[in-house]
**Q** 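Okay, here's the structure, questions in a sec.
No experiment lies behind these values; they were computed from the predicted model shown.
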Amino acid sequence: QVQLVESGGGLVQAGASLRLSCAASGRTLSTSSMGWFRQYGGKERKFVAAISESGPYIYYADSVKGRFTISGDNAKNTVYLQMNSLKPEDTAVYYCAASNDLRIGTERGWYEYWGQGTQVTVSS
């Protein structure tokens, strides 16, 4: 059974940094592509970043490019999302996701497994 557990969320001021972690069990990073999505209120869950160790391949949403960095640690079976220069519009619940397909996906339906989410709040 695949489990994804996110951590690292919190309340910060605009311009600050946070690092989110997603610890995976039941599946290794080398056999998965991993993604981060975020959802604010009742709005659609949106793609943030993805990584596949098969390349490695990395892809970002335009809204976070240059500010966020996704990385993976195979030894710890953990994926990270380093978020710098945070803005109030980055406020959301951030979800980690894993796919059986090693290719990068930006759609929610690409991913079979999801974590429970971690709240990130950026104050102005």
**Q** With hydrophobic residues grouped by side-chain heavy-atom distances under 4.5 Å, do L20 and V93 end up in a single group?
**A**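 No.
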
**Q** Show your reasoning for whether side chain to side chain contact (heavy atoms under 4.5 Å, CB included) applies to V120 and T91.
**A** CA-CA 5 Å; V120 172; T91 295; 5.9 Å; no

**Q** Should W36 and Y40 be regarded as members of a common hydrophobic cluster, given that ILVMFWY residues are connected when their side-chain heavy atoms come within less than 4.5 Å of each other, either directly or indirectly?
**A**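 In one cluster with W36: Y40, no.
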
**Q** Rounded at 0.5 Å granularity, tell me how far CD in Q116 sits from CD in Q3.
**A**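 That separation rounds to 9.5 Å.
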
**Q** Given side chains that start at C-beta, do those of R103 and S52 come closer than 4.5 Å, heavy atoms only?
**A**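 Sidechains of S52 and R103: no contact.
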
**Q** Report the C-alpha separation of Y59 and I70 in whole Å, then their side-chain angles, then the decisive distance to 0.1 Å, and conclude whether the side chain to side chain contact (heavy atoms under 4.5 Å, CB included) test is met.
**A** CA-CA 9 Å; Y59 191 74; I70 189 172; over 6 Å; no

**Q** Any sub-3.5 Å donor-acceptor pair from S63's side-chain atoms to A61's backbone N or O?
**A**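 Checked: no pair found.
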
**Q** For the ring pair F37 and W114, is the centre-to-centre distance below 6.0 Å?
**A**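 Between W114 and F37, which both carry aromatic rings, the centre distance is below 6.0 Å.
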
**Q** Quick check: does any side chain N or O of Q39 sit under 3.5 Å from a backbone N or O of E44, one acting as donor and the other as acceptor?
**A**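 No, because the side chain of Q39 does not come within donor-acceptor range (under 3.5 Å) of the backbone of E44.
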
**Q** Set out, in order, the CA-CA distance, both residues' side-chain angles and the distance that settles side chain to side chain contact (heavy atoms under 4.5 Å, CB included) for S17 and M83, then state yes or no.
**A** CA-CA 5 Å; S17 299; M83 306 186 296; over 6 Å; no

**Q** Would you call R67 and K87 a side-chain contact if the rule is heavy atoms closer than 4.5 Å?
**A**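 The answer is yes; the side chains approach within 4.5 Å.
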
**Q** Could you tell me which non-hydrogen atom of Y60 sits nearest to which non-hydrogen atom of A49, and how far apart they are?
**A**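 Smallest heavy-atom distance, with atoms named: CD2-CB, 3.6 Å.
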
**Q** Taking a hydrophobic cluster as the set of Ile, Leu, Val, Met, Phe, Trp and Tyr residues connected by side-chain heavy atoms closer than 4.5 Å, whether directly or through intermediates, do V12 and V64 fall within one such cluster?
**A**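 The answer is yes; both residues are in one hydrophobic cluster.
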
**Q** Determine whether a donor-acceptor pair (N or O, by modelled atom type, separation under 3.5 Å) exists between the side chain of S99 and the backbone of D101.
**A**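 Such a contact is found between S99 side chain and D101 backbone.
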
**Q** May I ask whether Y95 and V5 are part of the same hydrophobic cluster, defined by side-chain heavy atoms of I, L, V, M, F, W, Y residues being less than 4.5 angstrom apart, directly or through others?
**A**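 No, it is not one cluster - the side chains of Y95 and V5 are not joined through contacts under 4.5 Å.
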
**Q** How far does CE of M34 sit from CD1 of I58, to the nearest 0.5 angstrom?
**A**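 Here the interatomic distance stands at 13.0 Å.
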
**Q** Any donor and acceptor pair, going by atom type alone, linking the side chain of N100 with main-chain N or O of E112 inside 3.5 Å?
**A**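 No.
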
**Q** Under the salt bridge (Lys or Arg N to Asp or Glu O under 4.0 Å) test, which residues partner D73, sequence neighbours left out?
**A**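 Checked D73 against salt bridge (Lys or Arg N to Asp or Glu O under 4.0 Å); zero matches.
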
**Q** List for me each residue that meets salt bridge (Lys or Arg N to Asp or Glu O under 4.0 Å) alongside K43, sequence neighbours excluded, and say none if there are none.
**A**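 If we apply the salt bridge (Lys or Arg N to Asp or Glu O under 4.0 Å) test to K43, skipping adjacent residues, there are no hits.
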
**Q** Should S33 and L102 count as side-chain neighbours, where that means a heavy-atom distance under 4.5 Å?
**A**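 In short, these two side chains do not touch, never coming nearer than 4.5 Å.
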
**Q** Grab the two heavy atoms, one from A50 and one from G105, that are nearest each other, plus how far apart they are.
**A**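 So the two residues come closest at CB-O, 4.1 Å.
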
**Q** Following the transitive rule for hydrophobic clusters with a side-chain heavy-atom cut-off under 4.5 Å over Ile, Leu, Val, Met, Phe, Trp and Tyr, establish whether F47 and I51 coincide in one cluster.
**A**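 Different clusters.
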
**Q** To the nearest 0.5 Å, what is the distance between CD on Q13 and OG1 on T121?
**A**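 One finds 13.0 Å between CD of Q13 and OG1 of T121.
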
**Q** Could you go through the side chain to side chain contact (heavy atoms under 4.5 Å, CB included) check for L81 and Y94 one step at a time?
**A** CA-CA 10 Å; L81 185 68; Y94 283 72; 4.2 Å; yes

**Q** Is R19 close enough and on-axis enough to Y80, meaning under 6.0 Å and within 45°, for cation-pi?
**A**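 Because its charged atom sits under 6.0 Å from the ring centre and within 45° of the axis, R19 does stack over Y80.
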
**Q** Find the distance between OG1 (T69) and CG (N84) and round it off to the nearest 0.5 Å.
**A**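 The CG atom of N84 is 6.5 Å from OG1 of T69, to the nearest 0.5 Å.
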
**Q** In Å and rounded to the nearest 0.5 Å, what is the CZ to CD distance from R38 to E89?
**A**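 Going from CZ on R38 over to CD on E89, the span is 8.0 Å.
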
**Q** More than 12 heavy atoms of other residues, nucleotides or ligands under 6.0 Å from OH of Y113: is that the case?
**A**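 Yes, the 6.0 Å shell around OH holds more than 12 heavy atoms from other groups.
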
**Q** Nearest 0.5 Å, please: how far is OG in S21 from CD in E6?
**A**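 The CD atom of E6 sits 10.0 Å away from the OG atom of S21.
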
**Q** Search all heavy atoms of L4 against all heavy atoms of A24 and return the closest pair with its distance.
**A**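 In terms of heavy atoms, the two residues are closest at CD2-CB, 3.6 Å.
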
